[in-house]
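Shown next, in structure tokens, is the structure this report addresses.
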Amino acid sequence: MKLTKTYDPGKYESKIYDLWEKHDAFTPKHRGSKESFSIVIPPPNANGDLHIGHGLTLALEDIVVRYHRMKGKASLLLPGADHAGFETWVVYEKYLASIGKSRFDYSREELYEQIWDFVDKNKTNYLSQFRILGASADWKRYTYTLDKKIVAQAYKTFEKMWQDGLVYRDEKLVNFCTYHGTGFADIEVTHKETKGYLWYIKYPLSDGSDHITVATTRPETMLGDMAVAVHPDDPRYKEMVGKTVRVPIVDRDIPVIADDTVDQTFGTGAVKITPAHDQNDFDMATRHNLPQLSVIGHDGTMITPSPKEYVGLSVAVAREKIVQELIDRDFHEKREEITHNVGHCYKCGTVIEPLLREQWFVRVESLAKPAIQALKKDSIVFYPENKKKQLITYFENLRDWNISRQIAWGIPIPAFQSSEDPSKWIFDTRVEEESITVDGVVYHRDHDVFDTWFSSSSWPYATLDYPDGNDFKSFYPLSVMETGSDILYPWVSRMIMLGLYETREIPFESVYLHGLIQDEHGQKMSKSKGNVVNPIEKVKEYGSDAFRMGIVSGEAAGSNRPFTESKIIGARNFCNKLWNIARFVQENVPKDTDPTPKAHSAADHWLLSKLQHTVDAVSKNIESNRFSEAYNSVYHFVRDDFADWYIEAYKSESNPSILHFTLESILKISHPFAPFITEAIWQQLGWSDELLITSAWPIIPKANVAASKDFEEIKRVVIESRQLILAMGLKKPQIEHTSPVLDAHKEAIARMAKLGDVILVKKGRGLQLLSTKHAVWINVTDSEIKEYKDTIVLQLNQQKETQARLRQRLDNPGYMKSAPESIITQTQEQLASSLSASALLEKELARFSN
RNA sequence: GGGCGAUUAGCUCAGCUGGCUAGAGCACCUCGUUUACACCGAGGGGGUCGGGGGUUCGAGUCCCUCAUCGCCCACCA
């Protein structure tokens with residue numbers, strides 16, 4: 001079948017994807033290699049549409065997987081979806097609000113059911129988007145984070161930790177969003193520079209002898225103050241340590257304590273301690289055995305034991321009222337403006353309240369230790385490398401991990417509390433029951449659910465049917481974990497810890513972290529700014545292949561990068577180039593052509609050697625995760641070497657076997673980047689019964705070096721002729737030369753440089769070319785050369801400068817002593833060629849000296 | 001406060017372990033429709049590689065320092 005004149009992606013893409021699926025091409029199979037290669041896709045939120053970051057993720061992962069598949073390895077790209085606990089919860093709450101309801105209108109069970117259906121309905125969206133982006137994912141292995149096996153794995157992990165004493169229940173400060181009514185892990189809190197006030201408040205000594213002034217940004221928490229702390233060496237307060245002060249308004253006596261974490265230079269050097277509402281104070285209280293007193297509730301309002309007139313007020317209102325009362329009663333000294341960091345809910349922006357709450361915690365120390373060791377031993381390779389060090393630091397400073405979340409959407413925590421002894425909890429997976437009876441005692445289920453990251457931390461092995469599944473044996477540890485650098489801490493860190501804990505192995509051999517895709521001006525994409533780029537729209541506009549190549553071009557591990565539409569356009573144009581090359585080849589390769597490449601001409605040898613370099617470079621760069629470089633190699637080989645030089649030369653010197661072989665090779669090395677168009681061409685050519693996607697990565701026969709150098713000379717003659725023709729305004733001039741090599745390719749040279757004729761002579765006339773080792777003259781008149789004199793002078797000067805620089809280098813004893821021989825030889829050759837060029841130029845000038 | 005990174009052509013960025021006469025894409029200028037392609041081809045202009053210092057025969061590349069920008073972490077009340 002003949003190819004149409006232009007490539008229309010919309011006409012081919014979905015058909016090609018169907019073809020792959022029909023042939024089961026995504027199922028991992030060994031094709032000549034015993035090795036396996038595996039990537040599990042970081043599961044996107046099942047409820048949402050894919051964004052540009054997913055586009056990048058899928059492009060990168062699919063490139064690698066397609067490459068290894070063609071290398072003959074059993075290659076797995078495992079797709080999945082995330083129930084995305086809190087993320088989806090927020091979306092659903094918004095939906096409820098839009099229909100005039102709220103979470104308080106339903107029971108937890110009702111909410112869970114509703115959200116399940118809600119997600120199920122939206123899920124199809126992004127599943128089709130995976131296909132549009134060309135992901136060669138094995139759909140038979142598709143996994144959802146609420147699938148039975150994933151939940152079962154989460155319960156197994158929890159149970160194991162329970163038995164190993166790694167989970168415990170404790171009343172600690174948690175980062176609580178009073179709007180969403182749930183706690184967060186430390187990393188889920190966003191700290192923002194916020195303007196506020198620093199209030200100076202007088203706390204009188206109980207004996208009435210004096211007072212201490214404390215500075216605070218949160219006067220309302222003074223209702224829960226349990227101490228005033230000063231630095232032990234602070235001379236201002238030495239006398240007061242051990243005495244008590246009376247908290248204004250509530251008139252409670254609290255001790256003055258000494259603790260060396262107090263900063264003497266901040267505020268007054270005296271700090272009020274509110275253990276129930278500040279992490280720092282909580283830690284200090286623990287050290288000094290102080291009790292905790294909660295005065296703020298989980299809904300963000302003041303609670304008893306605050307004075308009656310404060311109970312029920314929001315924190316902000318209570319703050320104003322307290323300050324006013326302090327002023328009225330003369331406890332207020334002054335107020336300063338201050339900028340400080342305040343934790344906010346990353347979703348709704350509500351100020352996070354540290355509140356006391358009983359939660360499940362994971363003891364991280366014994367989990368982090370093996371992880372640190374593994375990283376220090378370089379068991380996992382990081383791209384970029386520096387992320388490894390950052391992760392080690394993170395592990396070393398990790399606090400215990402709060403895994404309870406107070407939302408309905410998620411995996412219920414399999415723990416039940418004794419109705420007789422509230423401090424007694426048992427592990428049980430009958431979470432569909434509200435309460436259970438064990439040994440005659442009734443137990444009530446914990447209503448909280450797991451932090452999403454807790455269950456998704458087992459993703460690398462739970463998806464592979466750990467511990468007994470075949471997939472686990474074949475594909476674990478994963479070859480690469482490719483994900484966004486923003487989830488290095490919340491996800492990657494935990495997969496490493498839990499992977500080591502459960503499977504005793506690292507979960508993946510390497511980690512590739514991509515940066516954020518920003519808009520064209522380097523701004524973060526966000527709905528409110530209206531600068532969000534939808535990958536699916538770009539695919540519709542330019543084709544899936546163009547999107548992939550455009551998004552990969554310029555990609556470097558770890559760094560953020562602006563979205564550049566022009567790169568996608570460039571890639572689209574490249575697709576068209578591929579298409580038209582194929583058309584040319586199709587028209588010029590007869591049906592019965594022997595596909596074994598047989599190089600005859602200089603161009604043939606040159607092309608094969610370039611192709612070999614390209615295949616090597618592409619392989620090497622993909623294997624070292626340098627995707628942009630790999631793509632560039634393909635791009636330049638196709639455009640520059642094959643299209644601009646070989647095909648042009650081919651029009652005078654044909655060799656169908658090389659054309660056939662090279663096009664096949666081009667389709668193969670382009671396939672990981674542009675899977676659709678390459679397969680479409682492959683199918684249309686009909687040269688092979690197999691699919692391109694499962695064909696073998698090309699092996700290139702060795703080329704003759706001397707012959708391929710001959711073509712380099714031919715190129716030089718052509719290029720310089722073109723330059724002179726344009727610079728001197730010539731029309732189809734002829735060139736004369738003394739070289740049998742050039743003579744053998746005179747038609748190609750004449751055609752490419754648009755020359756009238758290429759003539760073999762004993763001694764030529766006109767202006768001699770500088771860039772080739774052959775003696776070549778472009779046939780121009782003396783008067784034309786004379787007009788060109790200025791340029792000749794310029795060129796001569798440049799050559800002289802070059803020579804001076806090279807001579808200086810060669811005259812330098814240090815250089816001659818230390819530089820490697822190859823570099824010295826190179827310098828000598830450069831000098832020699834510059835000298836011969838300047839000799840020619842001087843000869844010309846001598847002729848026109850007057 | 002700590003850590004990490006960036007600063008190279010008008011724009012967006014490559015430049016891996018020091019050898020570069022500093023590259024690419026887009027944009028720009030000139031020329032061109034030769035039967036694959038105008039989603040094209042040929043040619044060209046444009047950078048003292050943020051400033052300063054150092055190591056070296058040699059530095060965009062290594063070290064120090066300053067400046068600017070960005071990101072992450074952190075309990076300065």
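The shown structure was predicted, so the numbers you read here are calculated from the model rather than taken from an experiment. Quick note on labels: first sequence line is chain A, next is B, and so on, each numbered from 1.
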Of the candidate nucleotides [options], which contains the atom at the shortest distance from the side chain of [X]?
X: A:Y489; options: B:A77, B:C73, B:C26; result: B:C73
X: A:N573; options: B:A77, B:C26, B:C39; result: B:C39
X: A:K5; options: B:C37, B:C57, B:C13; result: B:C37
X: A:Y635; options: B:C13, B:U34, B:G25; result: B:G25
X: A:D644; options: B:A42, B:U12, B:G19; result: B:A42
X: A:I187; options: B:C75, B:G19, B:C73; result: B:C73
X: A:N386; options: B:A42, B:G5, B:A24; result: B:G5
X: A:E587; options: B:A36, B:G19, B:A77; result: B:A36
X: A:E648; options: B:A36, B:C76, B:A42; result: B:A36
X: A:I719; options: B:A14, B:G43, B:A74; result: B:G43

No-H, no-angle donor-acceptor pair, [X] side chain to [N] base, under 3.5 Å:
X: A:K577; N: B:C37; result: yes
X: A:R572; N: B:C39; result: yes
X: A:N580; N: B:C37; result: no

Same-atom distance ([atom1]) from [N] to [M], integer angstrom:
N: B:C31; M: B:U17; atom1: P; result: 44 Å
N: B:G25; M: B:C66; atom1: C1'; result: 34 Å
N: B:G50; M: B:G45; atom1: P; result: 23 Å
N: B:A9; M: B:G51; atom1: P; result: 11 Å
N: B:U7; M: B:C63; atom1: P; result: 14 Å
N: B:G44; M: B:C62; atom1: P; result: 32 Å
N: B:C76; M: B:G2; atom1: C1'; result: 13 Å
N: B:U21; M: B:C49; atom1: P; result: 14 Å

Using atom [atom1] of [X] as one end and atom [atom2] of [N] as the other, report the distance to the nearest whole Å.
X: A:K272; N: B:A77; atom1: NZ; atom2: P; value: 12 Å
X: A:K567; N: B:U12; atom1: NZ; atom2: P; value: 11 Å
X: A:N632; N: B:C26; atom1: CG; atom2: C1'; value: 14 Å
X: A:L724; N: B:C31; atom1: CG; atom2: C1'; value: 15 Å
X: A:E801; N: B:C20; atom1: CD; atom2: P; value: 19 Å
X: A:N341; N: B:G2; atom1: CG; atom2: C1'; value: 13 Å
X: A:D278; N: B:A77; atom1: CG; atom2: P; value: 9 Å
X: A:M816; N: B:G58; atom1: CE; atom2: P; value: 15 Å

Counting only Watson-Crick pairs (N1-N3 plus N6-O4 or O6-N4) and G-U wobbles (N1-O2, O6-N3), all under 3.5 Å, who is the partner of [N]?
N: B:C16; value: none
N: B:G32; value: B:C40
N: B:A9; value: none
N: B:G50; value: B:C66

Would you indicate, yes or no, if [N] has its OP1 or OP2 atom less than 4.0 angstrom from a side-chain nitrogen or oxygen of [X]?
X: A:Q723; N: B:G44; result: yes
X: A:Q518; N: B:U12; result: no
X: A:R809; N: B:U21; result: yes
X: A:K754; N: B:G41; result: no
X: A:H340; N: B:A77; result: yes
X: A:R639; N: B:G41; result: yes

Within the side chain of [X], is there an N or O that forms a donor-acceptor pair under 3.5 Å with the backbone of [Y]?
X: A:S654; Y: A:Y650; result: no
X: A:D519; Y: A:M525; result: no
X: A:D400; Y: A:V364; result: yes
X: A:R561; Y: A:I551; result: yes

If you pin A:T339 and A:Y7 to their nearest nucleotides in RNA chain B, which one's is more 5'?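 Closer to the 5' end of RNA chain B: A:Y7.
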
Using heavy atoms to find the nearest nucleotide of RNA chain B for A:S818 and A:F266 separately, return the residue whose nucleotide is more 5′.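 Final value for this comparison: A:S818.
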
For [X], report the nucleic acid contact type (base, sugar-phosphate, nothing); a contact means any heavy atom under 4.0 Å.
X: A:A643; result: base
X: A:D263; result: base
X: A:Q826; result: sugar-phosphate
X: A:P820; result: base
X: A:G343; result: nothing
X: A:V585; result: nothing

Would you call A:E555 and A:R626 a salt bridge, taking side-chain N to carboxylate O under 4.0 Å as the test? no

So, A:N812 versus A:R809: side-chain donor-acceptor pair below 3.5 Å or not?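 No, A:R809 and A:N812 have no side-chain donor paired with an acceptor closer than 3.5 Å.
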
I need the minimum non-hydrogen distance between A:P219 and A:V323, along with the two atoms involved.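 A:P219 and A:V323 have their closest heavy atoms at CG-CG2, 3.8 Å.
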
Please tabulate, for side-chain N and O atoms in residues 820-832 of chain A, each donor-acceptor pair with protein atoms closer than 3.5 Å (sequence neighbours left out).
| from | atom 1 | to | atom 2 | distance (Å) |
| --- | --- | --- | --- | --- |
| A:T825 | OG1 | A:E821 | O | 2.8 |
| A:T827 | OG1 | A:Y815 | OH | 2.7 |
| A:T827 | OG1 | A:I823 | O | 2.9 |

If you count every heavy atom of other residues, nucleotides or ligands that lies below 6.0 Å from A:K388 atom NZ, does the total exceed 12?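 Yes, enclosed.
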
Test log, rule side-chain hydrogen bond (donor to acceptor under 3.5 Å, both in side chains), inputs A:T274 and A:K272: CA-CA 7 Å; A:T274 320; A:K272 60 189 224 45; 3.0 Å; yes

